Amino acid sequence: MDSGPETRPDTRPEPDVVRLGLAGVGRIGALHARNLAALGPGDGNLPPVQLVIADAAAERAHTVAHRVGAASVPSVEALLDEGIDGLVIAAGTPSHPDLVRMGVDAEVAVFCEKPLAGDTAASLPVLEYVNARGGVVQMGHQRRFDAGYLAAKRLLQAGGLGWVHSFRAVTADMEPPPVGFLASSGGLFRDCSVHDFDILRWLTGREIVQVYAVGSNKGDPEIGRVGDIDTGLAVVTLDDGTVGTVSAARYNGSGHDVRLEIAGSRSTLLVGLDDTMAVRSAEPGVDFPSGRPPQSFADRFEAAYRAEMAAFVELILGRRDNPCTPADSVAASRVADAAQESLLTGLPVKLG
Ligand SMILES: NC(=O)c1ccc[n+]([C@@H]2O[C@H](COP(=O)([O-])OP(=O)(O)OC[C@H]3O[C@@H](n4cnc5c(N)ncnc54)[C@H](O)[C@@H]3O)[C@@H](O)[C@H]2O)c1
């Protein structure tokens, strides 16, 4: 579901080079750095990107910049002084509100990794700030660029599944991220399942109206000590009566497992069903899937992350609409908040 500001009105001729600042080069930022530095004519005839990097850990900015052939500066303020066309925010979640405001104040296009802020209450003032100033902010929900989800959307829109009655969404890491990251991630539903909530809204064009969530901790006790769970499941109802489950886990020894099964009156479709799917068959004599499963989100969505960065450059150039607005991201975060509330209260939560 897309909403909010659309095409960036821009009638200027396209520049020979797009200058981008990247704030934060941890797990995802280092990946974006590699993808951004490699963008060019091979990606829909884009101009090359000139990249400048900042990180609160200056040495990390320097190392990643050196690796991808970019420059580094000591702070995000210094990034904005470089005369950039766009700011990519891949710093930790607590920094997102301030960095988004800084980008909007500097009147540059902003790409912000999900989420806009730690929870919906903290996101709403940022959303208002962006909208009041006409800011251009693309949010990081990369599944919208994944070939499987895109094909599913086309099939759904063409009515290929008949009427849809249910779905099962799965997101499982091979192993948990560092506990330090989890402590500020907002919890499993906000960190992982938020991608499933976003893609369900985007694919179906429907709103999620109720969530009932459960969860547990059977792995590293430190995850429980920072207030998170390592396994969770949300039972979800859409506004047209479609029902489904959204499950997430931090331990899947088979690999990084992201799937979505959508069941309709005419057919059932599975996004993520290929030879690299991170599961094993119990059936005797069946060796499918036999490929090497993705080991991390970076492997699973390698092409999608690259396409997402290309889309941000296209947005800056005024070639396309915003593929994921802050309002979209806040809508998914709202569902994640409801799942977290349901987990804590043990009760279903209705969304307005
Ligand atoms: N879309 C996805 O698939 C996806 C995947 C992973 C993470 N994320 C999101 O990306 C963000 C970063 O996650 P991560 O796993 O890379 O975290 P990380 O902890 O590995 O890295 C965060 C980096 O940001 C830096 N940083 C923190 N505050 C900063 C500031 N004010 N200015 C500059 N740098 C700052 C830190 O020093 C660190 O290098 C999170 O918001 C997370 O939700 C999205």
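Since the model is a prediction, treat every value here as computed from it, not as a measurement. Whatever order the structure lists ligands and atoms in, that order sets their numbers, starting from 1.
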Cation over ring face, Arg27 and Phe181, 6.0 Å, 45°: yes

Would you verify whether the NZ or CZ of Arg143 falls within 45 degrees of the ring axis of Phe145 while also being under 6.0 Å from that six-membered ring's centre? no

Other residues, nucleotides and ligands only: do more than 12 of their heavy atoms fall within 6.0 Å of CD on Glu175? no

Is the count of non-hydrogen atoms from other residues, nucleotides or ligands lying under 6.0 Å from Gln210 atom CD greater than 12? yes

For ligand 1, indicate whether the residue [X] contacts it via side chain, backbone, both or neither (heavy-atom separation under 4.0 Å).
X      : result
Lys114 : both
Pro177 : neither
Asp98  : neither
Ser95  : side chain
Glu113 : side chain

So is there a nitrogen or oxygen of Ile28 less than 3.5 Å from a nitrogen or oxygen in ligand 1? yes

Pairs of nitrogen or oxygen atoms closer than 3.5 Å, one from Ala56 and one from ligand 1: do any exist? yes

Report the C-alpha distance between Val235 and Val243 in whole Å, list the side-chain angles of each, state the deciding distance to 0.1 Å, and finish with yes or no for side-chain contact (heavy atoms from CB on, under 4.5 Å). CA-CA 7 Å; Val235 178; Val243 292; 5.9 Å; no

Please verify whether a non-hydrogen atom of Phe301 lies at under 4.0 Å from ligand 1. no

Take every heavy atom of His141, measure it against each atom of ligand 1, and state whether any distance is under 4.0 Å. no

Check the side chains of Thr231 and Asn217 for a donor-acceptor pair under 3.5 angstrom, ignoring hydrogens and angles. no

Heavy-atom contacts with [X] under 4.0 Å: which atoms of ligand 1 show up? List them by number with element.
X      : value
Gly26  : 16 (O), 20 (O), 21 (O), 23 (C), 39 (O)
His195 : 1 (N), 2 (C), 3 (O)
Tyr305 : 2 (C), 3 (O)
Val76  : 32 (N)
Gly24  : 24 (O), 34 (N)
Gly92  : 22 (C), 24 (O), 27 (C)
Gly140 : 1 (N)
His96  : 41 (O)

Would you call [X] and [Y] a salt bridge, using N to O less than 4.0 angstrom?
X      : Y      : result
Asp85  : Arg19  : no
Asp146 : Arg144 : no
Glu14  : Arg319 : yes

Please step through salt bridge (Lys or Arg N to Asp or Glu O under 4.0 Å) for the pair Lys218 and Asp230, ending with a clear verdict. CA-CA 7 Å; Lys218 296 175 78 176; Asp230 63 35; over 6 Å; no

Can you tell me how the ring of Trp163 sits relative to the ring of His165, calling it parallel under 30°, perpendicular over 60° and tilted otherwise? perpendicular

